[in-house]
**Student:** 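Pasting a structure here, questions to come.
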Amino acid sequence: MKKSVVLILTLVMVMVLAACGSNTNNNAGTANEGTATSGKTTIIITNGKGEIAAQWEQAAKDFMAENPDIIVEAHTQAVGDTLSVVDKLTASGKTITLAMVAPDTVNGKYKDFGIDLSGEAWVAETDHAFANEKGELVGFPFSIEGLGLVYNKKVVENAVGGEFDPFSINTRDKLVELLDKIKASGVEYPVAFQTEGWSVSNHYSTQFLNQNEDPSVTVNQLKSGELKLADNAAWNGYYDTLDVLVSQDYNKYGERPIGVYYDDAHVSVGNGTSAMLFNGNWAFDSLQAVAGEEFGFIPVPVDNNPENPLNNKIVAGPTNLLIINKDATAEQQAAAKKFLDWIVFSEKGQDFLVNQSQVISAFKNNSNKVTNPLGASIANAIEQGKTSNFALNYTTAEDWNTKISPEVQKYVAQKLSRAELATFIENYFTSLN
Amino acid sequence: MSEQRCRSLIPFIYIKQGVMIMRGKNSGLKSLGNQVFFTGPTLLFFCITLLIPFIYGLYLSFTNMTSPISPMEFAGLESYRTAFQDTKFWSAMWLTIKFVAATIILVNLIGFVLAYLVTSGMKGQNFFRAAFFTPNLIGGLVLGYIWQFIFVQSMPEIGQKLGIEILRLGWLGDEQLAFWALVIVTIWQSSGYLMIIFIAGLVSVPGDIIEASTLDGASTLRRLWSVVLPMMVPSFVVTVFLTLKNSFMVYDLNLSLTNGGPFDTTKMVSMHVVQKGLIESNYSVGQAQAIVLFVIVAIITGLQVYFSKKMEVEA
């Protein structure tokens with residue numbers, strides 16, 4: 001008796017819910033029409049950086065005020081959401097006109113999404129417009145980020161006795177010499193090397209891809225099995241440098257280099273008990289530095305040849321791209337292009353990008369500077385042309401984090417030989433074919 | 001005993017319902033109305049949050065979706081085949097089983113000892129009851145971050161000052177120690193909760209049989225082993241079930257304390273499933289692994305409850 005009642009109740013509820021579900025689906029299907037009536041163009045723009053949600057909406061409003069014939073619907077992906085807002089909206093039947101995506105996805109998930117933007121005026125203002133594997137310039141570089149050895153200026157200047165130029169460290173021997181000097185100045189451990197997977201794998205271990213001017217050349221050589229890592233000078237060189245940086249001689253965590261050290265490492269460099277660590281411009285917030293402390297980047301040296309361009313450049317490149325949907329109507333695409341021009345050329349757009357959002361601009365005509373000193377030093381390096389590519393963008397970033405990072409960490413902990421690591425990474429790339 | 005009483009009530013209810021229905025349609029409706037009124041809301045939420053997602057998830061595991069929004073194409077048992085061939089899933093499962101074994105023994109043991117101590121009539125035992133229970137009120141994520149600080153900052157500091165070698169380096173960087181760090185935090189979190197259940201069991205052991213055993217000359221240990229523990233089996237059925245289930249499904253603590261590190265050596269099976277399904281874009285495979293995990297946990301806990309029920313005795 002009871003059982004049948006429960007069963008009936010359950011069935012009723014399932015039917016009610018199922019009915020609700022199919023209703024909403026139908027609505028979504030009919031309600032979505034790309035272009036609105038009365039001659040106005042509606043575009044949907046999505047933002048993947050949750051921290052600038054408010055600025056993104058304000059930008060849409062400011063842009064609409066200047067362009068009354070365009071209606072902009074701004075969406076933002078919440079911080080920590082595993083589902084991308086682009087996928088969510090697309091799945092619910094909407095056509096996104098302008099989407100913000102990670103650069104590596106234009107060769108992966110979104111390889112058929114973007115239209116070619118090479119004819120746009122802003123291309124002349126940047127070195128970081130992003131081309132996909134087919135060579136189509138699909139990506140508008142929204143934000144630039146860079147990485148290298150973050151150093152505490154005061155500690156280093158105290159050790160070298162005067163002005164310090166980070167680009168003077170262009171060989172591994174010079175780096176070792178600097179570390180020794182810092183040690184001699186009374187800093188017990190000059191390096192506080194945090195070894196989180198995404199850092200030591202995604203960021204550190206992809207630097208060798210820059211040995212060719214175009215990192216995708218290296219990636220293709222790896223995929224075809226032509227490039228053998230065990231006897232590749234650049235690949236070995238970066239790990240030789242890593243061995244120095246994590247060694248017990250210099251590294252605060254040298255005795256057990258793998259662990260949860262992110263916060264401690266940043267605070268150590270921030271307050272000057274250590275001099276440097278490996279990370280990107282976003283590290284500034286974690287340094288918890290007091291006012292007056294200055295920080296900058298030293299390029300990671302790969303060998304002892306001061307002429308090697310890799311030793312003289314900081315890894316920097318776009319970390320978010322804006323791409324225009326090929327499925328949007330011609331009017332929508334034109335409106336989205338107008339929005340991109342607005343970001344690059346209008347005073348309000350430039351202000352939105354750098355001053356409001358604190359994003360490092362990829363565009364030379366934008367004279368605004370971010371307040372974060374690490375960001376400013378990346379921006380300076382971009383101006384001086386002292387940056388190489390953000391190599392991670394040319395591979396699948398997720399795989400470096402989930403598949404390769406445990407192996408790199410094992411290498412750092414000396415539980416895996418370098419030859420074994422070389423074989424693992426080679427096998428990963430050949431398995432992609 | 002209370003179980004017995006319940007069982008004897010059931011035929012009575014059936015008879016009553018039968019009578020009601022025989023009396024006329026109105027009272028049958030009334031009874032249905034009563035049932036909907038009392039169990040409806042719970043049933044509704046149970047369906048929305050558990051039953052329907054579960055059935056839907058089961059259905060998804062027979063598709064070949066790569067992300068929660070890819071088109072649903074039926075693929076039969078393909079996801080299960082991939083799930084079973086995933087060696088990392090099985091190594092995560094083995095690690096979880098080790099974790100379950102360690103926590104079941106230690107959490108129950110410590111929970112029981114605590115309960116025994118705070119019911120022995122010591123001074124300030126109510127304060128201790130509250131104090132031991134408090135960690136259970138802190139959520140797993142927060143707890144993980146608090147203990148991360150302890151393992152990374154406090155313990156090495158203490159180790160350095162006092163020259164204790166094992167504390168000197170951060171525990172979370174060593175495979176074995178990171179595993180035991182998880183066990184320790186779990187003990188700290190759940191033994192207080194089990195203590196409450198054990199206290200309830202201990203105080204309901206009838207005083208007359210304790211007195212009888214004392215008069216018969218049983219020592220304290222003998223009395224604990226032969227009289228108190230057999231009477232406590234119903235409590236152990238509940239506590240072992242709770243620890244089994246919680247330890248098999250551990251995720252929040254795993255995420256916040258070690259995040260699977262160092263180099264994925266403390267990645268428990270739930271974390272593996274989440275990573276497989278949502279991060280590595282293998283949604284249906286992750287679903288299939290979640291179903292496999294459910295079946296394993298359901299079988300183990302089912303067997304545990306069935307067999308330990310048989311050990312129950314009556315005074």
Side-chain angles (χ1 to χ4, degrees), chain A residues 1-2 4-6 8-14 16-18 21 81-93 108-109 195-198 200-201 252-265 267 396 398-399 401-413 415-416, chain B residues 10 13-14 17-18 20-21 28 31-32 35-36 39-40 43-48 51-52 55-56 66-71 88 145 148-149 151-153 156 168-175 177-178 181 256-265 267 272 274-281 283:
Chain A
M1 181 68 63
K2 262 187 180 169
S4 59
V5 171
V6 170
I8 290 166
L9 273 178
T10 317
L11 278 177
V12 167
M13 223 138 30
V14 169
V16 168
L17 285 173
D81 195 342
T82 44
L83 261 187
S84 110
V85 64
V86 180
D87 296 345
K88 265 189 202 168
L89 290 173
T90 308
S92 67
K109 208 164 152 188
T195 42
E196 304 234 321
W198 54 265
V200 80
S201 171
K252 189 176 178 191
Y253 319 109
E255 278 183 77
R256 189 175 280 167
I258 297 293
V260 185
Y261 301 130
Y262 191 85
D263 293 331
D264 189 66
V267 172
T396 311
E398 256 170 39
D399 288 348
N401 197 14
T402 56
K403 294 182 182 161
I404 302 175
S405 83
E407 306 302 315
V408 177
Q409 287 184 323
K410 276 184 211 163
Y411 170 75
V412 174
K415 308 225 165 178
L416 192 78
Chain B
I10 289 167
I13 292 170
Y14 278 134
Q17 273 182 343
M20 275 180 174
I21 283 166
S31 135
L32 184 69
Q35 284 184 350
V36 171
T39 59
L43 199 63
L44 181 74
F45 284 107
F46 176 75
C47 286
I48 292 175
L51 195 65
I52 293 171
I55 293 167
Y56 185 59
T66 54
S67 79
I69 47 148
S70 41
K88 286 195 171 166
Y145 289 121
Q148 193 185 77
F149 184 82
F151 283 119
V152 173
Q153 303 276 345
R168 204 170 54 81
L169 299 172
W171 273 28
L172 302 183
D174 181 274
E175 300 135 271
L177 293 175
S256 58
L257 188 64
T258 67
N259 197 6
F263 27 90
D264 279 5
T265 48
K267 194 152 86 188
H272 178 86
V274 171
Q275 186 169 329
K276 195 90 207 165
L278 292 170
I279 298 168
E280 283 180 18
S281 303
Y283 195 56

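Computed from a predicted structure; not experimentally measured. Order of the sequence lines sets the chain letters (A, B, ...), proteins ahead of strands, with each chain counted from 1.
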**Student:** Determine the option with the most heavy-atom pairs under 4.5 angstrom with chain A, choosing from B:Ile55, B:Val152, B:Asp264, B:Leu169.
**Tutor:** B:Leu169
**Student:** Taking all heavy atoms of B:Phe263 and all of A:Pro406, pick out the closest pair and write down the distance.
**Tutor:** CB-O, 3.2 Å
**Student:** At a 4.5 Å cut-off on heavy atoms, which part of B:Asn259 comes close to chain A: side chain, backbone, both, or neither?
**Tutor:** neither
**Student:** Please report the closest heavy-atom contact between A:Val260 and B:Leu257, naming both atoms and the distance.
**Tutor:** CG2-O, 4.5 Å
**Student:** Among A:Glu398, A:Lys403, A:Glu407, who wins on heavy-atom pairs under 4.5 Å with chain B?
**Tutor:** A:Glu398
**Student:** Side chain from CB out, backbone as N, CA, C, O: work out which of these in A:Thr402 comes under 4.5 Å of a heavy atom of chain B, or both, or neither.
**Tutor:** both
**Student:** Please round to the nearest 0.5 Å and tell me the distance separating atom NZ of A:Lys415 and atom OG1 of B:Thr265.
**Tutor:** 8.0 Å
